[in-house]
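Below you'll find the structure, written out as structure tokens, and then a few comments.
This structure is a prediction, so every number in the text was calculated from the model and none was measured. Throughout, numbering of the chain's residues begins at 1 and tracks the sequence.
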Amino acid sequence: MCANVFGVLKSLFGKPFDGGKRMDHGGSQQQQHPMEPQQQPYHPQHPAMMRLYEVQKEVANLGPQVCTFSGMQNDRDYKRLERELMKLQLDVDQVDTEGKPELQGARKRAAQEVEGLLRYLEENATHPSRLAIEHLSNEARQLVDECVVAPQRSGGVAEINDELVDALQELVLKLTQVKTEGRVPLRKARYRALTRLCAVQDVVEGRTQQQTLSLPLSGDTHEAVHRINQVMVKVSMARSQLVALLMGLSGRDSCAHLSRILTEMQVELDALDVSGNAAIRNYRKQVVEEINGLLKHLDLEVEGDNTHRYDLAQNNSIREIEAVRAHVSHLREGVLRHCAMGDLGFRPKAELQSLLTHLDQVDTAKNPCIREARRRAVVEVQAIITFLDLREALARRQPCANEHPSHHAVWMVLGSLSDLQAQVLGFDGKRADKSYMILEELLTKQLLALDAVDPQGDEMTKVARKQAVKFAQNILNYLDMKTDEWEY
């Protein structure tokens, strides 16, 4: 839609008028019929056209802002854009066309373009995915406020523990699952929410590690130590301020103000005379590194304004992952084709293992979306490897005469699971498809069959059943992953 706004407007208002002459279908000019009313050409200096040209310029200026706006309806920028577009609507309605068809057509098209921008602005601000992003952001904000910011403000100690870290990680994963339908404003909103939450996660996890370190050196050791200890107290306060800023919980402070405070701390530390004392030098270095760790998160006020940051299709790591996935898809087709012919000789396990190594080396830059894309690619590779392993195990299996009946029953289920896994590997539909529902039902029946197996005290059967249940659940999870329409 946004690409339309700029190209179409130029064609709407930039057409030269033909002075009453019309073009036939072959492109040659036709003379107007004598009985038809004469249509006077409208010079670009006509007052109505001049005003519509002005509207065109204002729409061209507002268009990029509308098309990249990622906030909500209660945001100040939303209200500003809505107000300016509604003013343009009113201006277009007030253009006097003098009843002339050409002017009426130009005014109508201008009104449609302004209305299109208004509709696009509202659709993105009220889109279910945008509301989901806002809900998760509010949930994270409340969590951080209760555990970190509020206790610090009241003079207490922040409740930073593994439960908080795990809760933040869960929210990050939920944000990565929000679908954006390729819309730039939704991609941008999700990216900005993720970068802030990941920054808070980084600060919190860094604080968890710091809590395990030994206490600061005694001030009696050297007079510089007392100064460093004082800076450490300030750093602790700055950490909470940073978390509050990142989560929008600080109304008065700004990133620039906090950056100045941290920089002054660095200057103060640099000016200290440590007199060649290695222990004190290391202590100062540790505090400086912690300050640097906080400073790196202070450029997030404009984070996400550059398209390449949230349009991950252009990211080199994503491109690398997609190249691996294309290779995996080719190998998967080959494996399924050979298995359908009963040929177990095609076993590209070494190649698949090398792809896993390749994926492990992909730089995710701590981006949760890239991490998730890599994880999913790894699952795709592992699904083929486990399929080949089970096929090979089934082909080698030679049951003994005194095999326990329950153990035999588990192997029968594994045989059925292998056939179903082949169908899952080749499935390329959606959850609403009948074939998906059939596969899901058949896999669930195999889980029920395993649940009905009575080991009768046989340890080998217990282990085999447990592994088979995990295997069936992995197939179901893989089928679910293939159809969840996830996007980066």
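Of the inter-residue distances, the one linking Tyr78 atom OH with Met72 atom CE reads 10.0 Å to the nearest 0.5 angstrom. Atom-to-atom distance recorded for Leu85:CG and Gln89:CD is 8.0 Å, nearest 0.5 angstrom. A distance of 13.5 Å separates CG of Leu81 from CD of Glu122, quoted to the nearest 0.5 Å. Rounded to the nearest 0.5 angstrom, Leu442 CG and Leu447 CG are separated by 11.5 Å. For the atom pair CD of Glu268 and CD of Glu264, the computed distance is 9.0 Å after rounding to the nearest 0.5 Å. The CG atom of Asp363 sits 9.0 Å away from atom CD of Glu320, with the distance rounded to the nearest 0.5 Å.
By the 4.5 Å heavy-atom criterion applied to side chains, Val287 and Met265 are not counted as neighbours. Using a 4.5 Å cut-off on side-chain heavy atoms (C-beta onward), Arg183 and Glu123 make contact. With a 4.5 Å cut-off on side-chain heavy atoms, Phe471 and Ile475 count as touching. Looking at heavy atoms from C-beta onward, Leu62 lies in side-chain contact with Leu88 at the 4.5 angstrom threshold. Inter-residue side-chain proximity for Val231 and Val235 is flagged as met; some heavy-atom pair is nearer than 4.5 Å. Inter-residue side-chain proximity for Ser259 and Leu295 is flagged as met; some heavy-atom pair is nearer than 4.5 Å. A 4.5 Å side-chain heavy-atom check between Val288 and Arg284 finds at least one atom pair inside the cut-off. For the pair Asp145/Met247, no side-chain contact is recorded, criterion being any heavy-atom separation below 4.5 Å from C-beta on.
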Exercise for the section: Could you give me the CA-CA distance, side-chain angles and deciding distance for Tyr478 and Gln421, then say whether side chain to side chain contact (heavy atoms under 4.5 Å, CB included) is met? Expected result: CA-CA 9 Å; Tyr478 177 64; Gln421 189 182 21; over 6 Å; no
Problem - side chain to side chain contact (heavy atoms under 4.5 Å, CB included) between Leu272 and Ile280, worked out - result: CA-CA 10 Å; Leu272 290 178; Ile280 300 176; over 6 Å; no
Handout entry: From CA spacing to verdict: side chain to side chain contact (heavy atoms under 4.5 Å, CB included), Leu294, Leu258
Key = CA-CA 10 Å; Leu294 299 180; Leu258 184 56; over 6 Å; no
Problem - CA sep, side-chain torsions, deciding dist, call: Cys339, Phe387, side chain to side chain contact (heavy atoms under 4.5 Å, CB included) - result: CA-CA 10 Å; Cys339 286; Phe387 173 72; 3.7 Å; yes
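Inspection of the Arg391 and Ser418 side chains reveals an N or O donor paired with an N or O acceptor under 3.5 Å. Donor-acceptor pairing under 3.5 Å is recorded for the side chains of Tyr283 and Asn229. With hydrogens and angles left out, the side-chain atoms of Thr180 and Arg190 include no donor and acceptor closer than 3.5 Å. Using modelled atom types, one finds a donor on one side chain and an acceptor on the other under 3.5 Å when comparing Gln266 with Asn292.
Side chain of Thr357 to backbone of Gln353: a donor-acceptor contact under 3.5 angstrom is found. Under the 3.5 Å distance criterion, the side-chain polar atoms of Ser129 are left unmatched by any main-chain donor or acceptor of Val178. Here the side chain of Asn61 pairs no donor or acceptor atom with the backbone of Lys57 at under 3.5 angstrom. With hydrogens and angles ignored, the 3.5 Å screen pairs no side-chain donor or acceptor of Asp433 with any backbone N or O of Gly429. A donor-acceptor pair under 3.5 Å is absent between the side-chain atoms of Arg141 and the main chain of Gly248, judged by distance alone. Arg347 places a side-chain N or O within donor-acceptor distance of the main-chain N or O of Leu388, the cut-off being under 3.5 Å. Under a 3.5 Å cut-off, the side chain of Ser354 and the backbone N or O of Glu351 do form a donor-acceptor pair. Using modelled atom types, no side-chain atom of Asn124 and backbone atom of Leu121 make a donor-acceptor pair closer than 3.5 Å. With hydrogens and angles disregarded, a donor-acceptor distance shorter than 3.5 Å links the side chain of Arg431 to the backbone of Asp480. Between the side chain of Ser236 and the backbone N or O of Met232 there is no donor-acceptor pair closer than 3.5 Å.
Applying the salt bridge (Lys or Arg N to Asp or Glu O under 4.0 Å) test to pairs two or more places apart or on separate chains, those with a residue in residues 131-140 are Arg130-Glu134.
Closest of all the heavy-atom pairs between Val424 and Lys482 is O-NZ, 3.1 Å. Across all non-hydrogen atoms, the minimal contact from Cys67 to Tyr120 is CA-CE2, 3.8 Å. The heavy-atom pair separating Ile291 from Leu262 by the smallest distance is CG2-O, 3.7 Å. The shortest non-hydrogen separation linking Phe346 to Leu331 is CE2-O, 4.0 Å. Of all heavy-atom pairs spanning Gln446 and Leu417, the tightest one is CB-CD2, 3.7 Å. The shortest non-hydrogen separation linking Leu414 to Leu390 is O-CD2, 3.7 Å.
Evaluated for a side-chain contact (heavy atoms from CB on, under 4.5 Å) with Leu194, the options Ile133, Val172, Leu171 yield exactly one hit, Val172.
Comment: Asp389 engages Lys349 in a salt bridge, judged by a side-chain N to carboxylate O separation of less than 4.0 angstrom. We find that Lys462 and Glu459 are joined by a salt bridge, their nearest charged nitrogen and carboxylate oxygen being less than 4.0 Å apart. A salt bridge is absent between Arg80 and Asp75; no separation between the charged side-chain nitrogens and carboxylate oxygens falls under 4.0 Å.
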Cut-off 3.5 Å, no hydrogens considered: what does the side-chain donor-acceptor table look like for residues 372-380, sequence neighbours left out?
{"unit_1": "Glu372", "atom_1": "OE1", "unit_2": "Arg375", "atom_2": "NE", "d": "3.0"}
{"unit_1": "Glu372", "atom_1": "OE2", "unit_2": "Gln177", "atom_2": "NE2", "d": "3.4"}
{"unit_1": "Glu372", "atom_1": "OE2", "unit_2": "Arg375", "atom_2": "NH2", "d": "2.9"}
{"unit_1": "Glu372", "atom_1": "OE2", "unit_2": "Arg376", "atom_2": "NH1", "d": "3.4"}
{"unit_1": "Arg374", "atom_1": "NH1", "unit_2": "Val362", "atom_2": "O", "d": "3.0"}
{"unit_1": "Arg376", "atom_1": "NH1", "unit_2": "Asp484", "atom_2": "OD2", "d": "3.2"}
{"unit_1": "Arg376", "atom_1": "NH2", "unit_2": "Met481", "atom_2": "O", "d": "2.9"}
{"unit_1": "Arg376", "atom_1": "NH2", "unit_2": "Asp484", "atom_2": "OD1", "d": "2.6"}
{"unit_1": "Arg376", "atom_1": "NH2", "unit_2": "Asp484", "atom_2": "OD2", "d": "3.2"}
{"unit_1": "Glu380", "atom_1": "OE2", "unit_2": "Arg325", "atom_2": "NE", "d": "2.9"}
{"unit_1": "Glu380", "atom_1": "OE2", "unit_2": "Arg325", "atom_2": "NH2", "d": "3.1"}

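Note: His327 and His330 have tilted aromatic rings, judged against thresholds of 30 and 60 degrees for the angle between ring planes.
For CG of Asp270, the number of neighbouring non-hydrogen atoms (other residues, nucleotides, ligands) closer than 6.0 Å is greater than 12. Counting heavy atoms of neighbouring residues, nucleotides and ligands inside a 6.0 Å radius, atom CZ of Arg227 does not exceed 12 of them.
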